[in-house]
Amino acid sequence: MTANAPDGPRLFAFDLGTPGHRALPDSWPAIAMAASETLDVELDAMVAELVGHVGAYLDRPGSEHGGVGVAACWYGGARAVAGPLLDAAGRDRLDPHGLAHLGAVDLAPTVADTLLATAAAQIDADPDDRSKGARARALRVRAGVERTCAEVLEHVGRALGAGPLCHDARHARAVADLTVYTRRHHAERDLARLGSLRAAEAAATCDPAKATR
């Protein structure tokens with residue numbers, strides 16, 4: 001697990017075969033993502049082994065690549081949420097407004113799919129991030145896919161109303177899960193980070209002579 005040490009954030013390894021830890025019952029009361037069993041854990045005088053240097057866990061290229069992987073999971077969640085709308089279309093139960101929402105739901109995941117496919121190819125070509133593009137790529141992909149998920153949630157909800165949320169347990173669970181999971185995206189904070197990276201790139205390539213004109 002990660003924790004803040006006196007010298008900064010570090011990664012620690014614990015032997016769960018030894019005493020001194022316990023999961024706290026009912027520490028995840030939310031309905032969303034309940035199947036993940038993401039409980040809080042209480043540690044009591046456990047011995048931990050340091051893994052890597054300060055910040056190693058987050059600074060490694062794999063951390064950014066993993067962020068893209070999380071976005072791929074969001075994308076899968078969006079496809080699950082869209083299922084009832086596609087089913088209604090197959091049963092010819094959509095009015096013109098519903099068809100417009102279906103069109104929007106068809107477009108949004110197509111954009112996310114392109115982002116993810118491009119990112120996957122770039123990661124495979126440069127797994128060690130020698131090009132130093134992993135951080136901006138992860139921020140870009142996560143922002144794009146999160147926006148896709150938000151659009152799918154909105155359009156499916158507006159097209160189908162409360163019915164599936166009240167009578168289709170699987171759909172209601174998918175909507176709740178995706179709503180919570182995409183909040184791992186830090187919204188405007190991540191967009192600001194991406195903007196800062198792009199601004200630094202622009203400053204590094206800017207012609208000083210032109211900049212003073």
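- In this structure, the salt bridge (charged side-chain N to carboxylate O under 4.0 Å, His left out) partners of Arg183, at least two apart in sequence or on a different chain, are Glu146.
- The side chain to side chain donor-acceptor pair (under 3.5 Å) search around Glu64 returns Arg135, not counting sequence neighbours.
- Listed by chain and number, the residues in a salt bridge (charged side-chain N to carboxylate O under 4.0 Å, His left out) with Arg198 are Glu201 (sequence neighbours excluded).
- With sequence neighbours left out, Asp44 forms a side chain to side chain donor-acceptor pair (under 3.5 Å) with no residue at all.
- Residues passing the side chain to side chain donor-acceptor pair (under 3.5 Å) test with Ser27, sequence neighbours excluded: none.
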Can I get a per-line list of side-chain donor-acceptor pairs under 3.5 Å for residues 12-21, giving both atom names and the distance, sequence neighbours left out?
from: Asp15; atom 1: OD1; to: Gly17; atom 2: N; distance (Å): 2.9
from: Thr18; atom 1: OG1; to: Asp15; atom 2: O; distance (Å): 2.7
from: His21; atom 1: NE2; to: Leu16; atom 2: O; distance (Å): 3.0
from: His21; atom 1: NE2; to: Thr18; atom 2: O; distance (Å): 3.3

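- Hydrophobic clustering, defined by side-chain heavy atoms of Ile, Leu, Val, Met, Phe, Trp and Tyr closer than 4.5 Å, groups Leu11 together with Val51, Tyr57, Leu58.
- Residues near Leu115 contribute nothing to a hydrophobic cluster around it, because no ILVMFWY side-chain heavy atom sits closer than 4.5 Å to its side chain.
- Under the salt bridge (charged side-chain N to carboxylate O under 4.0 Å, His left out) criterion, Arg170 pairs with no residue at all, not counting sequence neighbours.
- Note that CG of Asp129 is 9.0 Å distant from CD1 of Ile123, once rounded to the nearest 0.5 Å.
- With sequence neighbours excluded, no residue forms a side chain to side chain donor-acceptor pair (under 3.5 Å) with Asp40.
- Residue Leu197 belongs to a hydrophobic cluster whose other members are Leu139, Leu194, with links defined by side-chain heavy atoms closer than 4.5 Å.
- Applying the salt bridge (charged side-chain N to carboxylate O under 4.0 Å, His left out) test to Arg193 and every residue at least two apart in sequence or in another chain returns Asp190.
- Counting only distance, with no hydrogens or angles, the side chain of Ser63 and the backbone of Asp59 share no donor-acceptor pair below 3.5 Å.
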